[in-house]
Amino acid sequence: MYGLGVLKGLWVTIKNFTLSYFTRKRLTTVQYPEERITLSEHARTFPILVYDESPDKLRCVACEICAKECPPKCISIVRAQDEAGKPLKQPKFFDIDYSVCMNCGICEEVCPFDSIYMDRQFELSAYERSEEFLYTKDRLAKSAEYFSKIRPETAKKVEEKRKAKEK
Amino acid sequence: MNCPYLQNMDQQSTLDTQRLEVSLGPQHPSTHGVFQMDVVLDGEQVIRLKPVMGYLHRNHEKLMENMSWLACMPYTDRLDYFCALANNFSYALAVEKLAGIEVPERAQYLRVIMAELTRLINHIVLVGFLLNDLGAFFTPVLYAFREREKLLDLFEDVTGSRMMCNYFRFGGVKRDVPPDFILRVREIVNQFPKFLDELEELLTHNEILLSRCQNVGILPKALAVNAGITGPVLRASGIPYDIRKIDKYSIYGRFKFRVPVGEAGDVYDRYYVRILEMRESLQILEQAINEIPDGEVISKAGAQAAKMPRTLKVPKGDAYGRTEAPKGELGFYLVSDGSGKPYRYHVRAPSFINLTVLEDMCIGQKVADVIIILGSIDIVLGEVDR
Ligand code: SF4
Ligand code: SF4
């Protein structure tokens, strides 16, 4: 019968519409920002630098491997020097341009000192687009506690690895 | 005919009418991105059509000549941004061929699972958008997005990102899947056919869809072959050409699945072939999750290359790696001169080549049908313009 196909189709939409009031499975949206979905362990947005005790004790040793491997080259590092001009094992400047970063996670993978990790903060909009997105050392530095809060499993593994190395 | 009025009409229609040139796009909502078509119309009929590409040109190929081999991987995500994992797959295959890196068993299975999930995502979204182009505004698309979201959640758990996955590494994959992954894929394999049934009930026998799609935008067999069309568009024209069957790359030789083909090569066949393909993908997924072994997910050489990308030695030579991406044959042609970067990097993008027959399919059709013909080719501008 002509038109039966259309009616059948409409029946599907009616079913979906009505059932969305009763079954959770058919109601798939949440009321952001009041409600939020939980992000998974490996969810990634932008990189952060992890420190252990205080923000001036970054794990980073300014080896610049991440800066070299970063595909769009958005990391820039300047090594610190002591008074005699000898290079120190810490960065003087460590800037990441978040507006260039492509969230690939390669820096996290290649860093041999477990220093740089991907954050999951995604609400970063700003009114200005050059300075607001240039994340300097102080803005990137996050404590190890924060890191283990956002990614407990990875943080645990990293801790074990670091302890084993110290011994 | 004797009716004088009709005779008069006949004469009129042989007179030269004024032709109308319409520029569809680049901001047209149904061009799937920034794509422009300059259409010449005679009344409502299309007599010429010129695609204008390049609005989304991002210098992909040249840019990659300055990247290390691994650093190209996240950029391939951005080619066909619906199917990041399928792009990763092709590129990884090409580099592995060039550098002679082996891939462990478990990683092969994970790759196949990821590639087939990507195919589901692509086809389901395409069907949704095709219906959008037809004027079935947003009901099918939102059903499709609802299902797609489940698969994207899965991707986020495994790769860390929903769309820009950057998951494949040379010689394996980036990290092993979480423990509940197989269970969740199984759930999808069980649930998805029900959704497909529902979608088919909504669409497949819908008279409006039939009359809009059947015998519209026919692509003849011979033209399809001569123009180098691949993927579902070619198969809808009746040619069972599937690189998964022909190359048997990765481990596709082990799975039992059929290659659905169409008959008429019209828009409806292109729609229906994709529905059938999704069902075959589910078959592959089911076999893959039943057989997946334990073990390493990346080979030793691969793990080292992922940790220290500069140590990856790619010998001089060239290689072409191709896969059956959801849109057709996706190939990467790479030339290496022995340094740490590709000397030449070329992408054979399926949607770009499938787009070349757009004019042939559209000539003689109504202008409203141009939109759905374009929709049925399934293009993504990230890949067309690169
Ligand atoms: S973050 Fe890691 S890779 Fe980058 S400079 Fe610091 S220690 Fe080196
Ligand atoms: S995530 Fe990728 S693009 Fe961003 S800083 Fe790290 S390596 Fe660079």
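Chain naming here is simple, since letters A, B, ... match the order of the sequence lines and numbering starts at 1 in each.
Neither the backbone nor the side chain of Arg162(B) comes within contact range of chain A, judged by heavy atoms closer than 4.5 Å. Only the side chain of Tyr143(B) comes within contact range of chain A, with at least one heavy atom under 4.5 Å from a heavy atom of that chain. For a residue to count as touching a neighbouring chain, one of its non-hydrogen atoms must lie under 4.5 Å from one of that chain's; by this rule Ile37(A) does not touch chain B. For Leu70(B), the parts lying near chain A are the backbone and the side chain together; criterion is any non-hydrogen pair under 4.5 Å. Of the two parts of Ser68(B), only the side chain, counted from C-beta on, holds a non-hydrogen atom closer than 4.5 Å to a non-hydrogen atom of chain A. The part of Lys174(B) that comes within reach of chain A is its side chain, from C-beta onward, which places non-hydrogen atoms under 4.5 angstrom from that chain. For Cys165(B), the part lying under 4.5 angstrom from a heavy atom of chain A is the backbone only.
Of the possible donor and acceptor atoms, none in the side chain of Arg151(A) sits under 3.5 Å from a partner among the backbone N and O of Tyr117(A). Distance alone, capped at 3.5 Å, places no donor-acceptor pair between the Gln31(A) side chain and the Glu35(A) backbone. A distance-only check finds no donor-acceptor pair linking the side chain of Asp133(B) to the backbone of Ile372(B) [under 3.5 Å]. One N or O on the side chain of Ser336(B) and one on the backbone of Val314(B) form a donor-acceptor pair closer than 3.5 Å. Not a single donor-acceptor pair under 3.5 Å links the side chain of Glu65(B) to the backbone N or O of Arg344(B).
When the heavy atoms of residues 40-51 of chain A are compared with those of chain B, the residues falling under 4.5 Å are Ser40(A), His42(A), Ala43(A), Arg44(A), listed by number. By a heavy-atom distance cut of under 4.5 Å, Lys68(A), Glu69(A), Pro71(A), Pro72(A) are the residues of residues 62-79 of chain A near chain B, going up by number.
In summary, Glu153(A) and Lys156(A) do not engage in a salt bridge, as defined by a charged side-chain N under 4.0 Å from a carboxylate O. Contact check on Arg146(B) versus Glu149(B) returns no salt bridge, with no Lys/Arg side-chain nitrogen under 4.0 Å from an Asp/Glu carboxylate oxygen. In summary, Asp157(B) and Arg184(B) engage in a salt bridge, as defined by a charged side-chain N under 4.0 Å from a carboxylate O. Ion pairing of Glu159(A) with Arg59(A) is present here, as a side-chain N (NZ or NE/NH1/NH2) and a carboxylate O approach within less than 4.0 Å.
Cation-pi check for Arg78(B) over Tyr81(B) is not met; the charged atom does not lie both under 6.0 angstrom from the ring centroid and within 45 degrees of its normal.
Other residues, nucleotides and ligands contribute at most 12 non-hydrogen atoms within 6.0 Å of the CD atom of Glu83(A). Within a 6.0 Å radius of CD in Glu296(B), no more than 12 heavy atoms belonging to other residues, nucleotides or ligands are found.
In the model, Asn87(B) has no side-chain atom that pairs as donor or acceptor with a side-chain atom of Asp77(B) under 3.5 Å.
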